[in-house]
**Q** 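Below you'll find the structure I mean.
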Amino acid sequence: MKQEPVETARSLELYERACAVLPGGVSSPVRAYRSVGGAPRVIDRARGAHVTDVDGNELLDFVGSWGPLVLGHAHPAILAAVGLASERGTTFGAPTPFEIELAERVVSMHPALESVRFVSSGTEAVMSAVRTARGFTGRDLILKFAGCYHGHADHLLVSAGSGLATFGVPSSAGVPEGFAEQTAVLPLDDIDALESFFAERGDELACAVIEPVPANNGLLLQRPELLSRLRDLCTHHGALLLFDEVITGFRLGPGGYSELCGLTPDLATFGKVIGGGLPVGAFGGRREVMSVLSPDGPVYQAGTLSGNPVAMAAGIATLDQLDRAGGWDDLSALGEALEVRLGPVLERHGACLVRIGSIFWMSLAEGAPPRSAEAIAPEAVERYTPVFHALLDRGVALAPSAYEVGFLSTAHTTEHLDLFAAHLEEALVP
Ligand code: PMP
């Protein structure tokens, strides 16, 4: 079916203005559509499962602001909580009942947490957790995995060096080589590489950081053995294990992926869902480890807006809703409903759906889903661009990059998923 051209004049006009004053016209690079081409839609408003752009086009949204909006856009309970909290004042730079309540909540929910500190983004959470691990262990070296993203702190913008050496090299200009050298990088899905690394350098390691469900380079679901072996090796060598649950935390269940996989990391980081759509991150772990933080201990970490009462109130309201309304079960059921609909469509077109709970990714290549960044076929990435645009023209918004996952929210219905499947069937026809 031929699509009518979509009116985007106002988006284009605004984006042109944006480019004059914002680098790339955006506040975060992927929003600029560089990997899929074209100009981004400028969003005017959103509600439930839909966003509306400034030209009035309504889009069925699977981006969900990249993960936080587990209840959908502008959920009434969140708006009410934000309204009530902000009437009391938007920031005090002092303890508030909101942050204490949210801290108690998350400590009671997540198996890794005895003590937690709030920050304002996922980047800050991981950066601070790594400093905590270094302060606790007195070691500098950290280990990460290729294909996992942990925000844009200097020592985490690092990719694998060449050859067998595991020393990292900067993956961004502006990151000093000296910083990158303190970060070793291993491939995912490679237990032999893990064993050799720990045999050689395990005793120097402050922490190993991993997305237990890698969801920033496709959705690279790991074999359970990798995580359990990593847990054992860290314990054996006195290194801390840090699970970056910025995406999975409070989305896959009340205890995140840690609870699902039955492994307890020493430290865990959060963002997205924990702030209910406002800027919140958090890191935490065993009390003994967290006690190295200032003012109790020697590791400095701080934030003017950390524990912001309005953002804390949004986080509390989100967890409340998920808890009271059986939200986590609904999200899993929606995930299954999506798989039932999209799976066969993708398979008919030589592709497959990768999914865990309410997080999904379309692997646009034949064969088993990739388990490492290196296993993603370049053709699959190329194939994404026309599919993305065909869906957008039909009113379905996926992330503007082949490597990004999609998110379901409790605002999605099975009718929305039917519509998605029908449009995808058309979009996949070359
Ligand atoms: N860790 C993970 C696993 C993430 O997915 C992200 C963001 N996508 C971050 C850290 C960084 O979070 P933020 O963008 O809030 O700084």
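Order of appearance sets the numbers: ligands from 1, and atoms from 1 within every ligand. No hydrogens, no waters, no symmetry mates; every other heavy atom, side chains included, goes into these values.
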**Q** Do any N or O atoms from the side chain of Trp328 and from the backbone of Phe250 form a donor-acceptor pair under 3.5 angstrom?
**A**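 Yes.
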
**Q** Can you give each donor-acceptor pair under 3.5 Å made by side-chain atoms of residues 102-112, sequence neighbours left out, with the distance rounded to 0.1 Å?
**A**
from: Arg105; atom 1: NH1; to: Asp320; atom 2: OD1; distance (Å): 3.4
from: Arg105; atom 1: NH2; to: Asp320; atom 2: OD1; distance (Å): 2.7
from: Ser108; atom 1: OG; to: Glu104; atom 2: O; distance (Å): 3.4
from: Ser108; atom 1: OG; to: Arg105; atom 2: O; distance (Å): 2.7
from: His110; atom 1: ND1; to: Ala112; atom 2: N; distance (Å): 3.1
from: His110; atom 1: NE2; to: Glu245; atom 2: OE2; distance (Å): 2.9
from: His110; atom 1: NE2; to: Gly255; atom 2: O; distance (Å): 3.4
from: His110; atom 1: NE2; to: Ser258; atom 2: OG; distance (Å): 3.4

**Q** For residues 27-43, dump all side-chain donor-acceptor pairs below 3.5 Å to protein atoms at least two apart in sequence or in another chain.
**A**
from: Ser35; atom 1: OG; to: Pro400; atom 2: O; distance (Å): 3.2
from: Arg41; atom 1: NH1; to: Asp53; atom 2: OD2; distance (Å): 3.0

**Q** Name the atoms and distances for all side-chain donor-acceptor pairs under 3.5 Å in residues 169-191, with sequence neighbours left out.
**A**
from: Ser171; atom 1: OG; to: Leu157; atom 2: O; distance (Å): 3.0
from: Ser171; atom 1: OG; to: Val158; atom 2: N; distance (Å): 3.3
from: Thr183; atom 1: OG1; to: His155; atom 2: O; distance (Å): 2.7
from: Asp189; atom 1: OD1; to: Arg223; atom 2: NE; distance (Å): 2.8
from: Asp189; atom 1: OD1; to: Arg223; atom 2: NH2; distance (Å): 3.2
from: Asp189; atom 1: OD2; to: Arg223; atom 2: NH2; distance (Å): 3.3
from: Asp190; atom 1: OD1; to: Asp192; atom 2: N; distance (Å): 3.3
from: Asp190; atom 1: OD1; to: Ala193; atom 2: N; distance (Å): 3.0

**Q** Are Ser358 and Arg251 linked by a side-chain donor-acceptor pair shorter than 3.5 Å?
**A**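 Yes, side-chain donor-acceptor contact under 3.5 Å.
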
**Q** Which parts of the protein, at residue level, reach under 4.0 Å of ligand 1 through a heavy atom?
**A** Ser121, Gly122, Thr123, Tyr149, His150, Gly151, Glu211, Asn216, Asp244, Val246, Ile247, Lys272

**Q** Looking at Arg287 and Asp296, is there a salt bridge between them, counting it only when a charged N and a carboxylate O are closer than 4.0 Å?
**A** no

